[in-house]
Amino acid sequence: MKIQKSNSTSMFLVDDCEVIDLEVLHQDRGSLTALENQSSIPFSVKRVYYLYDVPYGADRGGHAHYKLQQYVMAASGSFTFVLDDGKNKREIFLNSPQKALHIRPGIWREMKDFSSGSICLVLASELYDESDYIRDYNNFLRSRNG
């Protein structure tokens, strides 16, 4: 459930971040998944990026966003997201290109346990904007608690 704090942006809870089963067309020649703005994705994609060649034991993320939403998929391999809303944490293991994790605004995210050869594909609702990032955890907690 989304919460609204005075003098801050709307913030979601970790339970608002859900794993979505993507539609898959299976054929003898292979499988295909197509994603479309405002249809299979509840926002318009303005930026696409992917993480790969993450060294063994390395972590990624360590930030939140004020307004950006993301659909995150394991295009190959696997990894774990640790989501945090300032009060609750939730771990989500992604290991299938048939599933997408919808991360809402105001959620701190960290990524860990990347398998060898993993590719993390991210569809983002906004263009890169450094002012949308909360990179310090204590600032994140202050933004959540007003």
Side-chain angles (χ1 to χ4, degrees), residues 1-24 31-146:
M1 167 183 286
K2 183 167 78 167
I3 56 175
Q4 178 75 39
K5 294 278 189 180
S6 60
N7 298 325
S8 72
T9 58
S10 295
M11 298 289 172
F12 289 87
L13 303 176
V14 292
D15 288 338
D16 294 318
C17 298
E18 58 187 328
V19 176
I20 309 298
D21 290 316
L22 303 175
E23 188 173 326
V24 179
S31 298
L32 178 128
T33 296
L35 300 170
E36 297 177 349
N37 288 336
Q38 305 299 329
S39 175
S40 50
I41 303 171
F43 55 82
S44 292
V45 175
K46 294 184 181 170
R47 184 170 179 238
V48 176
Y49 63 93
Y50 49 97
L51 304 168
Y52 59 98
D53 290 342
V54 178
Y56 176 79
D59 295 333
R60 297 291 310 225
H63 63 271
H65 293 278
Y66 290 106
K67 37 180 226 184
L68 179 122
Q69 298 181 62
Q70 295 174 318
Y71 253 38
V72 180
M73 292 148 283
S76 180
S78 64
F79 42 85
T80 300
F81 264 84
V82 180
L83 304 178
D84 181 343
D85 62 22
K87 293 191 176 168
N88 299 296
K89 290 187 178 185
R90 182 175 167 206
E91 286 197 9
I92 298 175
F93 179 68
L94 293 176
N95 66 345
S96 169
Q98 299 175 10
K99 297 190 180 293
L101 171 59
H102 184 189
I103 303 177
R104 304 292 192 136
I107 301 294
W108 186 267
R109 79 281 320 270
E110 295 176 1
M111 302 165 64
K112 63 181 187 175
D113 301 332
F114 287 86
S115 68
S116 177
S118 63
I119 300 172
C120 173
L121 175 64
V122 181
L123 309 179
S125 65
E126 305 296 328
L127 298 175
Y128 176 81
D129 178 2
E130 182 60 33
S131 69
D132 187 55
Y133 281 75
I134 307 170
R135 295 192 185 271
D136 179 88
Y137 189 74
N138 289 324
N139 289 343
F140 165 72
L141 291 176
R142 281 191 288 278
S143 78
R144 294 293 302 201
N145 298 319

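All values below come from the heavy atoms of this structure, side chains included, with hydrogens, waters and symmetry mates left out.
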Any [X] side-chain heavy atom under 4.5 Å of [Y] side chain:
X      : Y      : answer
Val54  : Phe79  : no
Pro105 : Tyr66  : no
Tyr133 : His65  : yes
Asp59  : Glu110 : no
Phe43  : Val45  : yes
Met73  : Thr33  : no
Asn145 : Lys87  : yes
Lys89  : Val14  : no

### Task
Fit a plane to each ring of Trp108 and Phe140, take the angle between them on a 0 to 90° scale, and name the class: parallel (under 30°), tilted (30 to 60°) or perpendicular (over 60°).
tilted
Taking all atoms of both residues into account, what is the closest heavy-atom pair of [X] and [Y], and its distance?
X      : Y      : value
Ile134 : Ser143 : CD1-OG, 3.7 Å
Ser78  : Asn95  : CB-CB, 3.6 Å
Leu35  : Ser40  : CA-OG, 3.2 Å

#### Entry: Pairs touching residues 45-58 that satisfy side chain to side chain donor-acceptor pair (under 3.5 Å), sequence neighbours left out
Tyr49-Gln70
### Message
Using the rule given for side chain to side chain contact (heavy atoms under 4.5 Å, CB included), can you reason through Met111 versus Thr80, listing the C-alpha separation, both sets of side-chain angles and the distance that settles it, and then say yes or no?
### Response
CA-CA 6 Å; Met111 302 165 64; Thr80 300; over 6 Å; no
[X] side, atom [atom1]; [Y] side, atom [atom2] - distance, nearest 0.5 Å:
X      : Y      : atom1 : atom2 : value
Tyr71  : His102 : OH    : NE2   : 6.0 Å
Phe12  : Arg144 : CZ    : CZ    : 10.0 Å
Leu83  : Leu101 : CG    : CG    : 5.5 Å
Asp132 : Leu68  : CG    : CG    : 5.5 Å

Got a donor-acceptor contact below 3.5 angstrom from the [X] side chain to the [Y] backbone?
X      : Y      : result
Arg60  : Phe114 : no
Arg104 : Leu13  : no
Arg109 : Ile107 : yes

Using residues 117-127 as the side-chain source, report each donor-acceptor pair under 3.5 Å to any protein atom, sequence neighbours left out, with the distance given to one decimal.
from	atom 1	to	atom 2	distance (Å)
Ser118	OG	Ser115	O	3.0
Ser125	OG	Gln69	N	2.8
Ser125	OG	Gln69	O	3.4

